Amino acid sequence: MEVIEQVSALRAIVAALRCGGKRIGFVPTMGALHEGHLQLLRASARENDITICSVFVNPTQFNNASDYKLYPRTLEQDTRLLQTVGCDYLFAPSAEEIYPQQSVLQFSFGALEAVMEGEHRPGHFNGVATVVSKLFHIVQPHRAYFGQKDLQQVAIVRQLVQGLSFDLELVCFPTVREADGLAMSSRNKRLSEAQRQLAPQLYLALQTAAANLHQKPINAIKSEVAQQLQQEEEIKLEYFEIVDSLTLQPLQDVSGHDEVALCIAAFVGEVRLIDNLLVNLKEI
Ligand code: PAF
């Protein structure tokens, strides 16, 4: 595996690969890789001739300076892991390399960014859209792989791909969980042992809510989730929403919907975690 830090070097490699007819799979990440990332990378290695992974902690998508500062950075370990999953190129640029000038681009995703992560993390999706657009232009992948844990991000990137006519296929992979249900996330590394024990409560709350979808009105389910999580002092619920799985708009009633998404964000101590469940209402 080759490690590339310069945009110009990666552009030259990509041009030669595409000229040689190679199909490129791309896994964009912010590093601190876990099994969830590795599954995306293995899929890319299986489905494409060449796999490129980027590790870049993107400053423009953090609306909170301390979250950016504390985001885990484990490039040496990431490099070792990438060598085990068939990755051909690791792109690990500096912030100056990606942003030689301050970015002033503004994206607007309408209703899609007015809810949940967009509502609670102002500017977050603008930063995601900016960096993902830059990376897509540099890497020019045939396929790009994202995890369902960041469900709203996937919807935003889908809209970005359509809106800007990126010529690539977006692949979304199911969330990978620890044995106790906690969704794998780079941020889990920041949890203390006690917080790590509490963190699966988010998934438990989603499961309880899903089981009640046909039995109780949405408002009652939402109150129960809030009450369930309030019992733990270290957990501060930011939002819990039941949304249409495509538009991600909050629902007052699930009738008439085939599939809904249950989405949650909460602080466990100082660490902000998100999770979601897609529920096919015909199957429960
Ligand atoms: O999901 C992430 O890790 C990031 O938001 C991404 C897509 C790599 C953009 O920085």
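We count ligands from 1, going down the list as the structure has it; atoms in each ligand are counted the same way. Index from 1, following the sequence. Please read all numbers here as calculations on a predicted model, not as lab measurements.
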Worksheet item: Taking any residue with a non-hydrogen atom under 4.0 angstrom from an atom of ligand 1, which ones do you get?
Response: Pro28, Thr29, Met30, Asn58, Gln61, Val131, Phe146, Gln153
Worksheet item: Aromatic ring centroids of Phe125 and Phe109 under 6.0 Å?
Response: no
Discussion item. Testing Glu117, His120, Glu119 one by one against Tyr239 for a side-chain hydrogen bond (donor to acceptor under 3.5 Å, both in side chains), which residue passes?
Written reply: Glu117
Worksheet item: Within 45 degrees of the axis of the six-membered ring of Tyr68 and under 6.0 Å from its centre: does Arg73 put its NZ or CZ there?
Response: yes
Fill in: Test side chain to side chain donor-acceptor pair (under 3.5 Å) applied to Tyr71 and Asn58, step by step
CA-CA 10 Å; Tyr71 199 86; Asn58 173 35; over 6 Å; no
Practice prompt. Determine, using the 4.5 Å side-chain heavy-atom cutoff (strictly less than), whether Leu33 and Ile4 are members of one ILVMFWY cluster.
Written response: no
Worksheet item: So, does His124 use its side chain to make a donor-acceptor pair with the main chain of Gly118 at under 3.5 Å?
Response: no
